[in-house]
Amino acid sequence: MTTDRTTKLSRRTLLKAGAAVSLTGLASGGVFAAGSDKPEKEDIKVGFIPLTDCASVVMASVLGFDKKYGIKIVLSKESSWASVRDKLVNGELDAAHVLYGLLYGVQMGVGGAKKDMAVLMNLNHNGQAITLSKKVADKGGVDGASLAKLMQTDKREYAFAQTFPTGTHAMWLYYWLATYGINPLKDAKVITVPPPQMVANMRVGNMDGFCVGEPWNHRAIVDGVGITAATTQDIWKDHPEKTLGTTLDWAKKYPNSARALIAAVLEASKWIDAGLVNKTKMAATIADKSYVNTSVDVINQRILGRYQNGMGKTWDDPNYMKFYNDGSVNYPYLSDGMWFMTQHKRWGLLKAEPDYLATATSVNQIGLYTEAAAMAKVSVPTSPLRTVKMLDGTVWDGKHPKAYADSFKIKA
């Protein structure tokens, strides 16, 4: 029998769980591995998927921030999240731009072999979306409420796609559907499609909707095959998205390299968010066929917060994709990691109740991150938990994960 360990957390306990920087490493002048902070491994192979939010990893290499910290990021373009998972687990990749929920799935032995994983940092907030097909939109399904109504009146099998069963897009899609009374596991068919293949699959009618990262939602509009029904920041403002992930073994074997990698990506994150000129340069860089392989205009609108839904509505969204935001984006909050476990439990991916706090403390490398943040002169929050309000009005603060996971009316 397990207990809801976070119900009695004191501030002191949380700081210990978060491995406060004053206890280790740089801030106290601590000694690193082999008596030096020199990276143990200098060439670091980092995988990425062709998505806008791979930008900080790509720009850390392109702009040479890696060299500043004594490493070389060797970029490796991957075809699917399953490939990223397999190559991280077998050591083909040192680290990767990777879905938050994927790492936690591997950690818990869901959807693949169980292996201890590590979240080194968060890479971005916001900037994903839910796209519905033009066919669905033409019948009146243009948002959550109208989709639910359409599914009641125009009965057939509806198919929705996400990018990986335990990943962020699956969790955003499920949460959004359930908010409007649609049980994603009973009322629809859910399929897994790699991000760059979403638009092509919608074009030939393989799905009625999908949740994916940019630029593929905007690309569906440009190509005339879909409309934006919701953004993921509508579901959770400033939600965590991709992480810089690796195995726990790698982080322990190469702690100096891990710190250097975090610091380099932090510098790139800071650079991207510094202003319009940098964002425009980033869009031009990652649009190249070596990275995302699309036109610049498909990327640059939404990274500037300029949205359209494909049906004539345009708006400026202040909660667009952010890579740094004074460091608040990048901190690996324990509560963020625990949230994904609550949703994995909600949807039956986890059969037993996990030890939420212990797992998040093991996976999210707050100690390494805090030391790397000091290297890159980035401030860190005072608490490893944060409070958020979700689309359906529920509040998540990381303090009562079992009760939160059990509280949903629609679940597996």
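None of the values given here were measured: they were computed from a predicted structure. When a residue number appears, it is its place in the shown sequence, counting from 1.
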Which atom of Gln365 lies closest to which atom of Ala118, heavy atoms considered: CG-CB, 3.8 Å
Closest heavy-atom pair and its distance - Glu78, Ser76: OE2-OG, 2.6 Å
Student check: side-chain heavy atoms of Pro215 and Val292 closer than 4.5 Å: yes
Any donor-acceptor pair under 3.5 Å from Glu267 side chain to Ala376 backbone: no
Side-chain heavy-atom pair Trp347, Asn183 within 4.5 angstrom cut-off: yes
Atom pair OG/CD of Ser362 and Gln107 - distance to nearest 0.5 Å: 5.0 Å
Verdict with reasoning, Trp172 to His239, per ring-ring contact (aromatic ring centres under 6.0 Å, His included): CA-CA 10 Å; Trp172 309 139; His239 67 77; 4.4 Å; yes
Donor-acceptor contact present, side-chain His218 to main-chain Ile299, <3.5 Å: no
NZ/Lys281: more than 12 non-hydrogen atoms of other groups inside 6.0 Å: no
Val110 side chain near Leu350 side chain, heavy-atom distance below 4.5 Å: yes
Tyr404 six-ring centre to Lys402 NZ/CZ under 6.0 Å and within 45° of normal: no
NZ (Lys114) with more than 12 external heavy atoms under 6.0 Å: yes
Distance in Å, Ile221 CD1 paired with Arg302 CZ, rounded so as to fall on 0.5 Å steps: 4.5 Å
side-chain contact (heavy atoms from CB on, under 4.5 Å) between Arg386 and Asp336, worked out: CA-CA 8 Å; Arg386 62 177 176 142; Asp336 287 0; 3.0 Å; yes
Under 3.5 Å donor-acceptor, Lys411 side chain and Asp406 backbone: yes
Donor-acceptor pair between Asp288 and Asn293 side chains, under 3.5 angstrom: no
Sub-4.5 Å side-chain heavy-atom contact between Ile182 and Tyr158: no
Charged N-O contact under 4.0 Å between Asp223 and Arg203: yes
Rounded distance (nearest 0.5 Å) linking atom CG of Asp273 with atom NZ of Lys322: 8.0 Å
Under 3.5 Å donor-acceptor, Asn325 side chain and Val329 backbone: no
Donor-acceptor under 3.5 Å (Asn364 side chain, Pro332 main chain): yes
Donor on one side chain, acceptor on other, Tyr180 and Asp143, under 3.5 Å: no
Shortest non-hydrogen contact from Ala137 toward Ile227: CB-CG1, 3.7 Å
Residue among Val46, Asp66, Asp94 satisfying side-chain contact (heavy atoms from CB on, under 4.5 Å) with Leu261: Val46
Validation row: Tyr331, Ile366 side chains within 4.5 angstrom (heavy atoms): yes
From Asn319 atom CG to Asp234 atom CG, the distance as rounded to the nearest 0.5 Å: 8.5 Å
Tyr175/Asp392 under side-chain hydrogen bond (donor to acceptor under 3.5 Å, both in side chains): CA gap, chis, key distance, verdict: CA-CA 9 Å; Tyr175 205 102; Asp392 58 3; 2.9 Å; yes
Any side-chain donor near an acceptor of the partner, Ser328 and Asp326, under 3.5 Å: no
Rounded distance [0.5 Å steps], NE2 in His97 versus CG in Asp53: 4.0 Å
Asp208 side chain vs Phe160 backbone, donor-acceptor pair below 3.5 Å: no
4.5 Å side-chain heavy-atom contact, Trp396 and Met338: yes
Nearest atoms (heavy-atom pairs only) where Thr247 meets Lys115: CG2-CE, 3.7 Å
Check: Phe340 ring centre within less than 6.0 Å of Tyr104 ring centre: no
Glu42 side-chain N/O to Glu40 backbone N/O, donor-acceptor pair under 3.5 Å: no
Residues Tyr356, Leu334; criterion side-chain contact (heavy atoms from CB on, under 4.5 Å); working and verdict: CA-CA 9 Å; Tyr356 290 96; Leu334 299 182; over 6 Å; no
Polar contact flag, side-chain donor to acceptor under 3.5 angstrom, Tyr320-Lys279: yes
Worked verdict on Trp339 versus Trp236 for ring-ring contact (aromatic ring centres under 6.0 Å, His included): CA-CA 12 Å; Trp339 186 86; Trp236 172 353; 5.2 Å; yes
Phe65 vs Ile73 side-chain heavy atoms within contact, under 4.5 Å: no
Sub-4.5 Å side-chain heavy-atom contact between Tyr369 and Leu266: yes
Heavy-atom pair of closest approach, residues Leu75 and Val57: CD2-CG1, 3.7 Å
Check: Leu88 main-chain N/O paired with Trp250 side-chain donor or acceptor under 3.5 Å: no
Worked verdict on Ile286 versus Thr52 for side-chain contact (heavy atoms from CB on, under 4.5 Å): CA-CA 7 Å; Ile286 69 167; Thr52 302; 4.2 Å; yes
Under 3.5 Å: donor-acceptor pair, side chain of Thr232, backbone of Gln128: yes
Donor-acceptor pair, side chain of Asn217 and main chain of Cys211, under 3.5 angstrom: no
Nearest-0.5 Å distance, OH of residue Tyr174 to CD of residue Gln162: 5.0 Å
Worked verdict on Ile130 versus Ile235 for side-chain contact (heavy atoms from CB on, under 4.5 Å): CA-CA 10 Å; Ile130 293 170; Ile235 300 169; 4.1 Å; yes
Closest heavy-atom pair and its distance - Val84, Leu93: O-CD1, 4.3 Å
